[in-house]
Amino acid sequence: MRVLLVGGGGREHALALGLAADPAVDKLFAAPGNPGIGQLAELRQVTPTDPVAVAALAVETGADLVVIGPEAPLVAGVADAVRAKGIAVFGPSAAAARLEGSKTFAKDVMTAAGVPTARAYTCADEATAAAALDEFGAPYVVKNDGLAAGKGVVVTDDRAVALRHAAECGQVVVEEYLAGPEVSLFVVTDGEAALPLLPAQDFKRVGDNDSGPNTGGMGAYAPLPWAPPGLVDEVMRDVVHPTLAELRRRGTPFVGLLYVGLAITADGPRVIEFNARFGDPETQVVLALLETPLGGLLHAASTGTLADHPPLRWRDGAAVTVVVAAEGYPAAPRTGDVVSGAEGAGFIHAGTRRAPDGTLCSAGGRVLCATATGADLTAARDAAYALVSGVGLAGSHYRTDIAAAAVAGRVTIPG
Ligand code: AMP
C-alpha cells in the first residue's frame, strides 16, 4: 500500500511512525512533513489546505490511501477532493468536519442525537452573551464558534474577561461549566462501524497545576488508571453511535477519526467537544501503545470495511509525552533557535525545520514531544522526562507535572 500523509506536526510524526511500522505500507509520502517525518517518509511540498493541490499530489504519488492529520484541510474540503479522484481517504468530508469546524453545528448534532453535553447558547452580540454568562454563573466558558486550533476557549471566573473574549470573537458559544477530569477518546470509524482507541488525558494549560492560558496541549498520557470501568462502552453507546447515526441521517456520514473530548462529571461523562481528527499530543501516546498495524486499520475505515477488521491489540504498560515549547508560547512563540539533543528515538517533532546547513531549528510554538513507554505510568513518565532533560533549546519551557496526579492516585471524579 502507498500512503500519503498530510500535515507536518507532532501528530503527523506519530502517525508516520505507526504507518512506517506497518508491513502493509511499502511507500510513505508526507506533505509537507517535518525533519522527524523526513526520516520515515518521502517529503513533498504542498499547501495542506488546498484541495486541488492535495488531490493532484495523491494522484501523482499513486497513493492507495491518503491520511489527513490536521483539521484545517478537512474543513477546507481536502478529503472530498481526494475522494472525488477515487482514492481512499482517512478523514471526513467538509460537511462532516463541521462537527469540529463549528461549535454551534456540533451542539445541534448533539441535541438531535441526545448526547450528554453542557447546556449552551450561541451568542452573536454582547447582550446575549452577558445574559448567558449570568444564567450559568462562574466559572464562565466562552468558545469561539469557528476553528481556533484549540485556543479559542476561555474558561475564567472573571466575568469581564469572559465578556471581552465574546466581543473579540464575534459569534461565540457560552456554556455551562463541566467539573471533572477530562478524557480524550479517539474513535476510528467508517461512518457506521466504530473502534475506540485507548482513552488518554491531555494537559491544555501552559503551566503546572493547570495554570496560565490554554495551549494546543502540553503533554499527555495513556492509559488512565482512574477511569471508571465501563467508561468506553458507555461513551460508545451514549455518544459515538448516536452521533454517527445522526450524521448518516443527515446524509453526511463521518469517516475518519472522531475525537470525543469528555469531562467525567458527578453525573457521568459529558461531551466537552468533538474534533474531526486525531488529537495532538494524545496521538503520540495512544499510537505508542497500539500494536495493531495502523495502515490497515485506517484503510479499513476509509473503505467501509471496518466491521470486518479484527479487534485492536494493545501493548502492556503506559506511555507519556511531554511537550517542549518555544519561549513565548502560546502568546508569541519565538522560532529559529537551535535544537540539540533531539536526534534519538522518542523525540517526536512538532515544530522543527532544518537550516540550510542541516542544523535542527525550532519552527513553531510546540517544538518537540518527548515520548516514552514503560511498564507502568511511573516508568513511562520517568523515561519521558529523562528525554526532556537532554534537550537543548534556548528559552524553552515544559510542564513538570504531566501524568503526575495519575501516578500519585490524585485524579478524582466529583460526587
Ligand atoms: P475545547 O477547545 O472545546 O476542547 O476547550 C478547550 C478546553 O477548555 C477543554 O479541554 C477544557 O479544559 C476547557 N473547557 C471547554 N469547555 C468546557 C466546559 N463546558 N466546562 C469546563 N471546561 C471546559
Side-chain angles (χ1 to χ4, degrees), residues 11 70-72 75 97-111 115-123 129 132-133 135-158 161-162 165-166 169 171-186 199-221 224 239 243 257-283 323 330 366 399 401-402 405 411 413-414:
R11 161 187 47 222
E71 58 275 22
V75 172
R98 290 182 70 212
L99 217 44
E100 171 162 6
S102 164
K103 302 268 184 203
T104 300
F105 177 80
K107 279 288 176 193
D108 188 49
V109 169
M110 283 190 250
T111 304
V115 166
T117 185
R119 288 184 301 133
Y121 294 106
T122 298
C123 307
L133 291 174
E135 177 175 332
F136 295 136
Y140 303 104
V141 181
V142 181
K143 303 186 173 188
N144 193 338
D145 193 24
L147 270 193
K151 283 163 264 181
V153 178
V154 163
V155 180
T156 176
D157 286 321
D158 187 333
V161 170
H165 186 60
C169 293
Q171 180 150 305
V172 293
V173 172
V174 173
E175 67 179 39
E176 156 192 36
Y177 179 78
L178 297 171
E182 288 180 39
V183 171
S184 302
L185 182 68
F186 297 169
Q201 190 173 47
D202 79 342
F203 293 77
K204 285 268 188 232
R205 301 280 184 146
V206 72
D208 282 359
N209 301 313
D210 293 331
S211 59
N214 267 330
T215 68
M218 294 297 290
Y221 68 93
L224 308 178
V239 175
T243 299
L257 197 290
L258 180 63
Y259 167 135
V260 187
L262 299 151
I264 313 303
T265 73
D267 302 320
R270 296 284 179 271
V271 175
I272 288 185
E273 62 164 347
F274 285 131
N275 290 317
R277 37 77 197 175
F278 281 96
D280 193 347
E282 301 97 304
T283 303
V323 171
R366 294 186 292 172
R399 279 183 65 156
D401 63 346
I402 304 301
V411 183
I413 296 162

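Counting starts at 1 for both ligands and their atoms, in listed order. Residues take their numbers from the sequence shown, with the count starting at 1. A quick note: this is a predicted structure, and the numbers were derived from the prediction, not measured.
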Compare every heavy atom of Gln201 with every heavy atom of Leu224, then report the nearest pair and how far apart it is.
CD2-N, 3.6 Å

Val153: numbered ligand 1 atoms lying under 4.0 Å from its heavy atoms:
1 (P), 2 (O), 3 (O), 5 (O), 6 (C), 8 (O), 15 (C)

Using distance alone, decide if ligand 1 has a nitrogen or oxygen within less than 3.5 Å of any nitrogen or oxygen in Lys103.
yes

Looking at ligand 1, does any of its N/O atoms fall within less than 3.5 Å of an N/O of Tyr177?
no

Counting only heavy atoms closer than 4.0 Å, does ligand 1 sit against the backbone of Lys143, its side chain, both, or neither?
side chain

Lys/Arg-Asp/Glu bridge criterion (N-O < 4.0 Å) met for Arg277, Glu100:
yes

Any idea which atoms of ligand 1 are less than 4.0 Å away from a heavy-atom of Glu175?
16 (N), 17 (C), 18 (C), 19 (N)

Can you classify the ring geometry of Phe136 versus Tyr121 as parallel (below 30°), tilted (30 to 60°) or perpendicular (above 60°)?
parallel

We want to know whether Lys107 and Thr117 form a side-chain donor-acceptor pair, criterion being a heavy-atom distance below 3.5 angstrom.
yes

Is the shortest N/O to N/O distance between Leu178 and ligand 1 below 3.5 Å?
yes

Using heavy atoms and a 4.0 Å limit, tell me yes or no: is Arg205 in contact with ligand 1?
no

Partner residues of Asp157 under the salt bridge (charged side-chain N to carboxylate O under 4.0 Å, His left out) criterion, sequence neighbours left out
none

Which segment of Val141 sits under 4.0 Å of ligand 1 when only heavy atoms are counted
side chain

Quick one: which ligand 1 atoms are inside 4.0 Å of a heavy atom on Val155?
8 (O), 13 (C), 14 (N)

Residues pairing under salt bridge (charged side-chain N to carboxylate O under 4.0 Å, His left out) where one sits in residues 265-275, two or more places apart or in two chains, turn out to be Lys103-Glu273

Would you check if there is a donor-acceptor pair between the side chains of Tyr259 and Glu282 at a distance under 3.5 Å?
yes

